[in-house]
*Asks:* 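Below you will find the structure I want to go over with you.
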Protein chains: 2
Amino acid sequence: MGTRVGFKNLAVELLAAEIGATKGSFYWHFRDRAELVDAVVEQWAHTATEAIIADVEEGGSGDALERLVDVVLGHPESAPTEWRILGAADHPQIGPVVARVHETRIDYVRRLLRARGMAPARAAARARVLYAAYLGNLVLLDAPGVMDAVKRSSLRREFLALIDAP
Amino acid sequence: MGTRVGFKNLAVELLAAEIGATKGSFYWHFRDRAELVDAVVEQWAHTATEAIIADVEEGGSGDALERLVDVVLGHPESAPTEWRILGAADHPQIGPVVARVHETRIDYVRRLLRARGMAPARAAARARVLYAAYLGNLVLLDAPGVMDAVKRSSLRREFLALIDAP
DNA sequence: GTGCATCCGTACGCTACCGTATGGAGGAGC
DNA sequence: GCTCCTCCATACGGTAGCGTACGGATGCAC
C-alpha cells in the first residue's frame, strides 16, 4: 500500500481501487479530478481553521493562547496531512486556499496577542513569527529522526516563552 | 516558460529542451533521472549548510546569532527553491538529505545558543523552535500576499526577541 | 586515412494517468 | 410489464514522461 498522503496520491484510479470501485463510478460523482481536489482542500481548510478556533474558544479555562498551543501541539498525527497540503501550495487550486488559511490563523493569533495587551504593530509581527514556528514544527515532525530527542513538554515550554518574549 | 522550480519540473525532457539539447544527450551524462535528482539535492545540501555556516563564521563583527538571522532573512530570493526541496521531502531520495540538513542547522543554532550561556537542555529545545520559525517563514514567503504587510525590520526584531526570550 | 572514443539527435516502446463512450443492473412510478 | 432514473463496470483513446536503440558527427591516435 502507498503512502496514503501526498498530492500525487490523490489520483482517480488509485482512489477508486482503494475504495473497491472503478473510474466509471468516480466520474459519476465528480466532474473531473479538479473537483475532487477542490473538495478535499476545502474540507481541510474548514477543519483546519474554524474547527480549531472554535475548539479553543469554547474551552473556557486558562489562557486562550496556551490552549491554542496545547491544541496544535497535541495532535501530531494530523501533521503529515497538513504538511502535504502546504507542500502542494504551488498548485493553482491549492495556493489561494492555503494563503487564506494562513491569514485566518495569523489574524487569530494576532487578536489573542492584542487581547494580552501587546501593541498592534508588535502583535502583527509576533503573530507571524509564532505561526511560522508552528509551521516549521510541522516540517520537522515530518522529518524522520529530527524530533525524536525532544520532549513535548520542552516544546510547549519554548512556545510559551516565545509568546511572552519582551 | 514554466515555474523553473518544483520537483515536478525537474524533468528530463523539459530540462533538456530548456538547455537546447535532447534526451539523447542527457542520458549520456546521467544514468537516469534519479542520478540527476541526487546531484541537485546534494548540491543544495552543501550550499544550504556549510556555505551559510562559513559565511556566518568568518564575518567576525557582532554576535554570530544576529549575523545568522541577517543572513537567512536577507536572501528571500532563495526561499522558493529551498521550500520546494523541503516540500519534496516525502521522496525517498530527498527525505534523508533534508533530515540531515535539518539536524546540521539545528545543531549549529544550538551551539550558538550554548555559546551565549544557555543551559544545554533549553538550548536544544530553543534551537528547534527557532529553526522551525525560520522554516515557517519560508512557507509564508511563498504564500502570495501573506507577508506583504510586514517589514523585514519587524521580522528581524521579533526573531531577535525570540532568541533572547527567558 | 583508418579505427576508436566521445558526445549528441531521432525514433521507438513502455507505463501511468486522465477523461469518455457505452452498456447494464436495480429500483420507482404507473 | 414498460419506462426512466441512478449508479457502476468495462473498454478505449489520448497525453506526458522515462528509458533504450541506434545512427551520425567530431576529434584524436597512429
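None of the values given here were measured: they were computed from a predicted structure. Every chain is numbered from 1 and lettered A, B, ... according to where its sequence line falls, protein lines coming before strand lines.
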*Asks:* Judged by atom type as modelled, is there a donor-acceptor pair below 3.5 Å linking the side chain of A:R128 to the main-chain atoms of B:L155?
*Replies:*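 Judged by distance alone, no pair lies under 3.5 Å.
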*Asks:* When you look at CZ of B:R122, are more than 12 heavy atoms from neighbouring residues, nucleotides or ligands closer to it than 6.0 Å?
*Replies:*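 More than 12 within 6.0 Å, yes.
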*Asks:* Separation of A:E13 atom CD from D:dC8 atom C1', in whole Å?
*Replies:*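 To the nearest whole Å, that distance equals 16 Å.
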*Asks:* Can you measure B:L14 atom CG to D:dG19 atom P for me and round it to whole angstrom units?
*Replies:* 15 Å
*Asks:* Within the pair B:H29 and C:dT6, is there a side-chain N or O less than 4.0 Å away from OP1 or OP2?
*Replies:* no
*Asks:* Roughly how many Å is it from CZ in A:F26 to P in C:dC18, rounded to a whole number?
*Replies:* 8 Å
*Asks:* Does NZ or CZ of A:R33 come closer than 6.0 Å to the centre of the six-membered ring of A:F7, within 45° of the ring's axis?
*Replies:* yes
*Asks:* May I ask you to decide whether A:D70 forms a salt bridge with A:R67, counting only side-chain N to carboxylate O separations under 4.0 Å?
*Replies:*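 No, A:D70 and A:R67 are not salt-bridged.
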*Asks:* Would you kindly confirm whether A:V71 and A:L160 end up in one hydrophobic cluster when ILVMFWY residues are joined by side chain heavy atoms under 4.5 Å apart?
*Replies:* yes
*Asks:* Could you tell me how far apart B:F30 (CZ) and D:dG19 (P) are, to the nearest whole angstrom?
*Replies:*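 Roughly 13 Å, once rounded to whole Å.
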*Asks:* Quick check: does any side chain N or O of A:R116 sit under 3.5 Å from a backbone N or O of A:D63, one acting as donor and the other as acceptor?
*Replies:*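 Checked: no pair found.
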*Asks:* Mind listing the N/O atom pairs, protein and nucleotides 21-23 of chain D, below 3.5 Å?
*Replies:*
none

*Asks:* What is the distance, rounded to the nearest whole Å, between atom OH of B:Y27 and atom P of C:dC12?
*Replies:* 18 Å
*Asks:* For the side chain of B:S25, starting at C-beta, report the closest nucleotide among D:dT20, C:dC18, C:dG9.
*Replies:*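 Nearest listed nucleotide: C:dG9.
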*Asks:* Decide yes or no on side-chain contact (heavy atoms from CB on, under 4.5 Å) for B:L73 and B:N137, but give the supporting numbers first.
*Replies:* CA-CA 9 Å; B:L73 290 185; B:N137 195 46; 3.5 Å; yes
*Asks:* Among D:dA9, C:dG9, D:dG17, which nucleotide has an atom closest to any side-chain atom of B:A21?
*Replies:*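 The answer is C:dG9, which lies nearest to the side chain.
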*Asks:* Can you measure B:R33 atom CZ to D:dC18 atom P for me and round it to whole angstrom units?
*Replies:*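 Going from B:R33 (CZ) to D:dC18 (P), I get 5 Å.
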*Asks:* Where the side chain of B:T22 is defined as all heavy atoms beyond and including C-beta, which of D:dG17, C:dT10, D:dC8 is the nearest nucleotide?
*Replies:* C:dT10
*Asks:* What is the separation between atom CD1 on B:I19 and atom P on C:dG9, rounded to the nearest whole Å?
*Replies:* 11 Å
*Asks:* Figure out the CZ/P separation between B:R31 and D:dG19, and round it to whole Å.
*Replies:* 9 Å
*Asks:* So does B:W28 get a side-chain nitrogen or oxygen closer than 4.0 Å to the phosphate oxygens (OP1/OP2) of C:dC7?
*Replies:* yes
